[in-house]
Participant: 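Pasting a structure below so you can have a look.
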Amino acid sequence: MPELAEVEYFRKQWSPGLGQRIIRVTTHPWTRLYRDCDVVELVSALAGSRLVASETHGKQMLFRSNRSGWLGIHLGMTGELRFTEDSEYDDRYAHLVLETKKGLMLFNNPRQFGRIRFATSKKAPEWWAGLPPQVLSKKFSYSFFSTHLDRRKGTQLKPLLLMQEIFPGVGNWMADEILWRARLAPTRRVKSLSDYERKTLYEQLRWVCRYALRIVGDDWGDFPNSWLFNHRWKDGGTCPLTEKPLQRDTVGGRTTCWSPAWQH
DNA sequence: TACAATGTTTTAAG
DNA sequence: CCTTAAAACATTGT
């Protein structure tokens, strides 16, 4: 489920636990989530410590502890963070549980496409510090964007937008929303874009990221019906602008919803 | 039963 | 070495 706005929302779900002493750490160390993580180190370092700050970067989350511990979480396709004052929870998919006096910080991830990382160091570890510029940051200028496009001339626009090394945080529904607003067909190749179309793609990319964060990032609000988002999964859905039928195709290996009458 | 799922990573080919 | 496409990953729900 989570793309950059949802990730921001989930990050905040643990906020009630920040500053609280962690009295117990429970993990499912056999799951794929821990493939890049020394679980013994994670458990011993987090037990007794407090998480003091958190941030997101695209689909990545980082929690910092008061003992120079850095906890990286990626939600994958089905992950969520939750805080509960109830001591009962479904253990099946709660692969990381941080227990405090005030409540539990839970990371649920049924499909195990997520990832947990941990490091102890003065400075943020390379897997965090080395992430590419965020789409809404100052560094993500039009010329930066355009330089990356020049290197991917043969790529279709849909898989292009899903490249996390260029557009951190953009996922399947956001890519469709961006292309629909830019009026570009998902199968178009980068090299076919006119200067105007390139510019439009850049602007709509930033626009969708900004408003998605605004609407979902704080309180999981609903998107207006003017967004493709509300129509994309309905069978027989229609384009909110043209009222013509939406189409679903596989592009770049992912289900893609678009409006052939509107996007070219 | 077979397939799809709001995501990456790996492998292979060009 | 770089770009591009497809398969693999784990599990559930339709």
Side-chain angles (χ1 to χ4, degrees), chain A residues 1-11 27-37 56-61 72-81 90-96 107-117 127-128 130-132 135 147-181 186-192 205 208-209 211-213 215-217 220-223 227-235 237 246-258:
Chain A
M1 173 151 16
E3 303 180 24
L4 96 176
E6 293 97 338
V7 171
E8 174 64 10
Y9 172 82
F10 283 125
R11 175 188 69 83
T27 66
H28 292 165
W30 56 87
T31 58
R32 252 176 68 84
L33 293 170
Y34 291 97
R35 58 197 177 279
D36 295 325
C37 182
T56 61
H57 183 115
K59 297 175 191 170
Q60 314 278 342
M61 285 181 287
I73 294 181
H74 188 287
L75 297 170
M77 214 137 102
T78 56
E80 61 161 20
L81 296 193
D90 184 346
D91 176 65
R92 285 177 302 169
Y93 311 118
H95 301 315
L96 175 64
F107 174 21
N108 295 314
N109 195 194
R111 253 159 253 170
Q112 300 184 31
F113 281 178
R115 182 192 298 268
I116 294 171
R117 289 182 161 105
W127 47 257
W128 183 264
L131 292 170
V135 172
T147 302
H148 278 287
L149 261 58
D150 287 338
R151 270 195 258 151
R152 307 291 154 104
K153 288 192 194 312
T155 304
Q156 293 177 311
L157 298 182
K158 176 63 187 274
L160 174 85
L161 286 171
L162 295 177
M163 292 180 177
Q164 298 303 294
E165 69 272 27
I166 313 177
F167 310 109
V170 175
N172 203 33
W173 78 253
M174 290 182 78
D176 287 355
E177 189 78 36
I178 291 160
L179 292 171
W180 177 70
R181 286 172 186 274
T187 50
R188 282 279 294 279
R189 308 260 167 190
V190 170
K191 60 171 162 289
S192 77
L205 163 70
V208 169
C209 288
Y211 281 91
L213 269 174
I215 294 168
V216 171
W220 203 275
D222 294 327
F223 293 109
W227 286 49
L228 179 66
F229 184 89
N230 289 351
H231 310 268
R232 55 175 289 119
W233 293 119
K234 272 181 244 154
D235 279 328
L246 293 169
Q247 188 168 318
R248 270 180 241 157
D249 294 308
T250 298
V251 182
R254 304 296 303 279
T255 299
T256 298
C257 177
W258 65 297

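Letters A, B, ... are given to chains in the order of the sequence lines, protein chains preceding strands, and every chain is numbered from 1. Note that these values count all heavy atoms, side chains included, but never hydrogens, waters or copies made by symmetry.
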Participant: In whole angstroms, how far is the C1' atom of C:dA6 from the CG atom of A:Leu162?
Facilitator: 15 Å
Participant: So A:Arg232, base contact, sugar-phosphate only, or nothing? Heavy-atom distance under 4.0 Å.
Facilitator: nothing
Participant: I'd like to know if the side chain of A:Glu3 and the backbone of A:Gly171 have a donor-acceptor N/O pair within less than 3.5 Å.
Facilitator: yes
Participant: Does the side chain of A:His74 get closer than 4.0 angstrom to OP1 or OP2 of B:dT8 through an N or O atom?
Facilitator: yes
Participant: Does A:Thr250 or A:Gln164 map to a spot on DNA chain B nearer the 5' end, using the closest nucleotide for each?
Facilitator: A:Thr250
Participant: Is there a stack between A:Phe113 and B:dT8, judged by ring centres under 5.5 Å and planes under 30°?
Facilitator: no
Participant: Counting side-chain heavy atoms from C-beta on, which of C:dA10, B:dG7, B:dA5 comes nearest to A:Thr255?
Facilitator: B:dA5
Participant: Check whether A:Gln112 reaches the backbone of A:Thr31 with its side chain - one donor and one acceptor, N or O, closer than 3.5 Å.
Facilitator: no
Participant: Looking at A:Lys59, I'd like to know whether one of its side-chain N or O atoms comes within less than 4.0 Å of OP1 or OP2 on B:dG7.
Facilitator: yes
Participant: A:Gln156 CD to C:dA6 C1': how many Å, rounded?
Facilitator: 13 Å
Participant: Does C:dT12 have its OP1 or OP2 closer than 4.0 Å to a side-chain nitrogen or oxygen of A:Tyr93?
Facilitator: yes
Participant: How long is the line joining CG of A:Leu75 and C1' of B:dA5, in whole Å?
Facilitator: 16 Å
Participant: Evaluate A:Leu228 against A:Trp258 for side-chain contact (heavy atoms from CB on, under 4.5 Å), listing each step before the verdict.
Facilitator: CA-CA 9 Å; A:Leu228 179 66; A:Trp258 65 297; over 6 Å; no
Participant: Taking NE2 from A:His57 and P from B:dT8, how many angstroms apart are they, rounded to a whole number?
Facilitator: 12 Å
Participant: Separation of A:Arg92 atom CZ from C:dG13 atom C1', in whole Å?
Facilitator: 13 Å
Participant: Would you indicate what A:Gly253 reaches in the nucleic acid, counting non-hydrogen atoms under 4.0 angstrom: base, sugar-phosphate, or nothing?
Facilitator: nothing
Participant: A:His28 NE2 to C:dT11 P: how many Å, rounded?
Facilitator: 12 Å
Participant: Of the nucleotides C:dA5, B:dT8, C:dA10, which one has an atom closest to the side chain of A:Arg254?
Facilitator: B:dT8
Participant: Can a side chain N or O of A:Arg111 be found less than 4.0 Å away from OP1 or OP2 on B:dG7?
Facilitator: no
Participant: Taking the side chain of A:Arg32 as its heavy atoms from C-beta onward, which of C:dA5, C:dA10, C:dT11 lies nearest to it?
Facilitator: C:dA10
Participant: Taking A:Leu162's backbone N and O only, do any of them form a donor-acceptor pair with A:Gln164's side chain (distance below 3.5 Å, no angle check)?
Facilitator: yes
Participant: Would you mind pulling out the nucleotide paired to C:dA10, Watson-Crick or G-U wobble, both distances under 3.5 Å?
Facilitator: none
Participant: Using whole Å, what does the distance between atom C1' of nucleotide B:dA5 and atom CG of A:Asp176 come to?
Facilitator: 14 Å
Participant: Any idea how A:Tyr93 and A:His95 line up, ring-wise: parallel (<30°), tilted (30 to 60°), or perpendicular (>60°)?
Facilitator: perpendicular
Participant: Rounding to a whole Å, what distance do you find between A:Leu161:CG and B:dG7:P?
Facilitator: 12 Å
Participant: For atom CG of A:Asp150, is the number of surrounding heavy atoms from other residues, nucleotides or ligands below 6.0 Å larger than 12?
Facilitator: yes
Participant: Does C:dT4 have its OP1 or OP2 closer than 4.0 Å to a side-chain nitrogen or oxygen of A:Thr155?
Facilitator: yes
